[in-house]
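Worksheet: the structure to be examined is printed underneath.
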There are 2 protein chains.
Amino acid sequence: MSRLRSTILETSLQLFDEHGFHGVTVNQIVAASGTSKGGFYHHFQSKDELLFVIHDTFITYVLKEAGAANVIHTSPTAKIQAVIHSFVKVFDLYKPHISVFYQESTYLKPAYEEKIKKKRDEFKDIIFGIIHEGQAGGDFRKELPLEVTAMAVLGMVNWIYKWYQQDGRYSIDEIAEVYIDLILHFLLPGSSEQLMRHMNKVPFFYDVK
Amino acid sequence: MSRLRSTILETSLQLFDEHGFHGVTVNQIVAASGTSKGGFYHHFQSKDELLFVIHDTFITYVLKEAGAANVIHTSPTAKIQAVIHSFVKVFDLYKPHISVFYQESTYLKPAYEEKIKKKRDEFKDIIFGIIHEGQAGGDFRKELPLEVTAMAVLGMVNWIYKWYQQDGRYSIDEIAEVYIDLILHFLLPGSSEQLMRHMNKVPFFYDVK
DNA sequence: CTTTACAGACCAACCAGTCGGTCTATAACT
DNA sequence: AGTTATAGACCGACTGGTTGGTCTGTAAAG
């Protein structure tokens, strides 16, 4: 990959992260990259392709990591820990990519969007699969509705991009540890009776055993 | 409030939700609202003001609801349940507002952004406050780092806008119940020893008592 | 008669993308 | 070795279409 192409990618990533895809013009990218319109369009077909490349770089990496973490462990409990850990760590490596990924995916051209959606669904399936497997095997609480629980897990992790900063109070590894703790606390079966005394009402899904 | 103004707001909300703020032109809004440029600019100073109004409507409502739920209950456990419930329910009432709120806030003009940020921080403080209070009083697990835990809670709820659909498998009330269950499971003190047997490593924050 | 509500033609700015052209490097030829 | 041919990398003035916003006009309301 050419030197200039990388520069354009890095520069535009920063700019998009700060001002959003539509808040940055090709001329700005070109100026900040120390090149020209010609240089830009020599390496990218369009501004939209640039957006796609950013999306693809990130989701491809996440998918690869999650797949690996999923394979090397056997029990659902070990798997979920490994996958969450690797997923959280990504926010340290790819934060600008992720901001663009979650903020600007609306603006992907249909052909590009389809490709990204496919990979994103694959990733979602890994999470869903682990939780499902855990419930089926009795490792995780069976009464939890799979879809809602899985989306809660995805949500809490995904949201990290909105607040995480590298020089913040907690390192990315520490954050991962906290998240794993939280997730295991609601996934693993425990003293439900004790908890229910504190609840305003008995949840609708508690009749499953 | 005038009839046309409401129409413009509703229409643009739908359009923004579907295509994003920059994917919709003023002409499109005007056409879909059955009015004209004159009609639009009679009610709004600019497209940016429209964006602000949408933001403000939503965050003002959330803040009011959370404040109310926070006041009528006394214990942190009851408070967090009430606040989460009211918060989750908002996603049923204001889903298009929320999509715009989380997707397009980057494009708010500085003056508008400041106002919105203020209210958003107020809301965040309510959540932080409840968890802090719960930890201080011994209702919630003291070992959990406040910031990370609170952001996890906010994240899992906020992410709902990405997947919730009114005609989905679970009602918004059911989703709220699941979320409250999950959150209480990791907030309330329980059998940590039992859980730790399943953990790949001992979390860094477990030495606090 | 004044004010408010809206219509729609019009405009200036902007922006993604184009296109003819230059510069450099390496290969091919003599 | 010296000269020429060719390809790829990059430049930047230019354009055609679009967009947010304005301005003048008009009809109804009070």
Side-chain angles (χ1 to χ4, degrees), chain A residues 1-56 100 103-113 116, chain B residues 1-56 96 100 103-113 115-116:
Chain A
M1 175 146 66
S2 107
R3 178 83 227 164
L4 179 58
R5 190 183 154 96
S6 311
T7 308
I8 292 175
L9 273 170
E10 279 172 45
T11 310
S12 58
L13 218 23
Q14 264 181 253
L15 290 172
F16 289 160
D17 189 21
E18 198 171 346
H19 304 107
F21 181 68
H22 291 279
V24 178
T25 70
V26 175
N27 273 321
Q28 283 175 293
I29 295 171
V30 153
S33 306
T35 180
S36 61
K37 274 285 181 72
F40 180 91
Y41 282 99
H42 181 73
H43 290 287
F44 298 95
Q45 281 190 24
S46 62
K47 198 187 172 191
D48 296 289
E49 195 200 323
L50 174 61
L51 185 61
F52 167 73
V53 171
I54 292 171
H55 274 72
D56 196 56
V100 173
Q103 293 284 345
E104 317 290 353
S105 63
T106 329
Y107 301 111
L108 279 173
K109 288 278 150 64
Y112 292 136
E113 196 199 341
I116 298 298
Chain B
M1 176 144 65
S2 111
R3 178 82 229 163
L4 180 60
R5 190 182 154 95
S6 311
T7 307
I8 292 174
L9 274 169
E10 281 172 43
T11 310
S12 58
L13 217 23
Q14 263 179 253
L15 291 171
F16 289 161
D17 189 21
E18 199 169 346
H19 306 107
F21 182 70
H22 290 279
V24 178
T25 70
V26 175
N27 274 321
Q28 283 175 293
I29 295 172
V30 153
S33 305
T35 182
S36 61
K37 276 288 182 71
F40 180 92
Y41 282 97
H42 181 72
H43 290 288
F44 298 95
Q45 283 189 24
S46 62
K47 198 187 174 192
D48 297 289
E49 195 202 324
L50 175 61
L51 185 62
F52 167 73
V53 171
I54 291 171
H55 274 72
D56 194 58
V100 174
Q103 293 284 346
E104 316 290 352
S105 63
T106 328
Y107 300 112
L108 280 173
K109 289 278 150 66
Y112 292 135
E113 196 200 341
K115 289 186 184 180
I116 297 298

Does any residue of residues 26-40 of chain B have a heavy atom under 4.0 Å from DNA chain D, and if so, which ones, in number order?
B:Val26, B:Lys37

Might you confirm whether atom CD of A:Glu49 has over 12 heavy atoms from other residues, nucleotides or ligands at distances under 6.0 Å?
yes

To the nearest 0.5 angstrom, please state how far the CZ atom of A:Phe21 sits from the NZ atom of A:Lys47.
4.5 Å

Mind checking ring-ring contact (aromatic ring centres under 6.0 Å, His included) for A:His55 and listing every partner two or more places apart, or none if nothing turns up?
A:Phe101

Outermost DNA chain D nucleotides near chain A [under 4.0 Å, heavy atoms]
D:dA9 to D:dA13

A:His22 vs B:Arg5, nearer the 5' end of DNA chain C by closest nucleotide
B:Arg5

Would you call B:Phe40 and B:Val26 a side-chain contact if the rule is heavy atoms closer than 4.5 Å?
yes

Look only at the side chain of B:Ser33 and the backbone of B:Val30, and say whether a donor-acceptor pair between them is shorter than 3.5 Å.
no

Which atom pair, heavy atoms only, marks the closest approach of B:Thr25 to B:Gln28?
N-OE1, 2.8 Å

With sequence neighbours excluded, what pairs up with B:Lys115 under the salt bridge (Lys or Arg N to Asp or Glu O under 4.0 Å) test?
none

On the 0 to 90° scale, with breaks at 30° and 60°, tag the B:His22-B:Tyr107 ring pair as parallel, tilted or perpendicular.
perpendicular

Are the side chain of B:Thr35 and the backbone of B:Ala31 linked by a donor-acceptor contact shorter than 3.5 Å?
no

With heavy atoms of chain B within less than 4.0 Å as the criterion, where does contact along DNA chain C begin and end?
C:dA5 to C:dA9

Grab the two heavy atoms, one from B:Thr106 and one from A:Glu18, that are nearest each other, plus how far apart they are.
CG2-O, 4.1 Å

Between B:Ser12 and B:Leu50, is any pair of side-chain heavy atoms under 4.5 Å apart?
yes

Once pairs are restricted to Watson-Crick or G-U wobble with both distances under 3.5 Å, how does DNA chain C read as a dot-bracket string, [ ] for crossings and | for other-strand pairs?
||||||||||||||||||||||||||||||

What are the two closest heavy atoms between A:Ala32 and A:Leu15, and how far apart are they?
CB-CD1, 4.1 Å

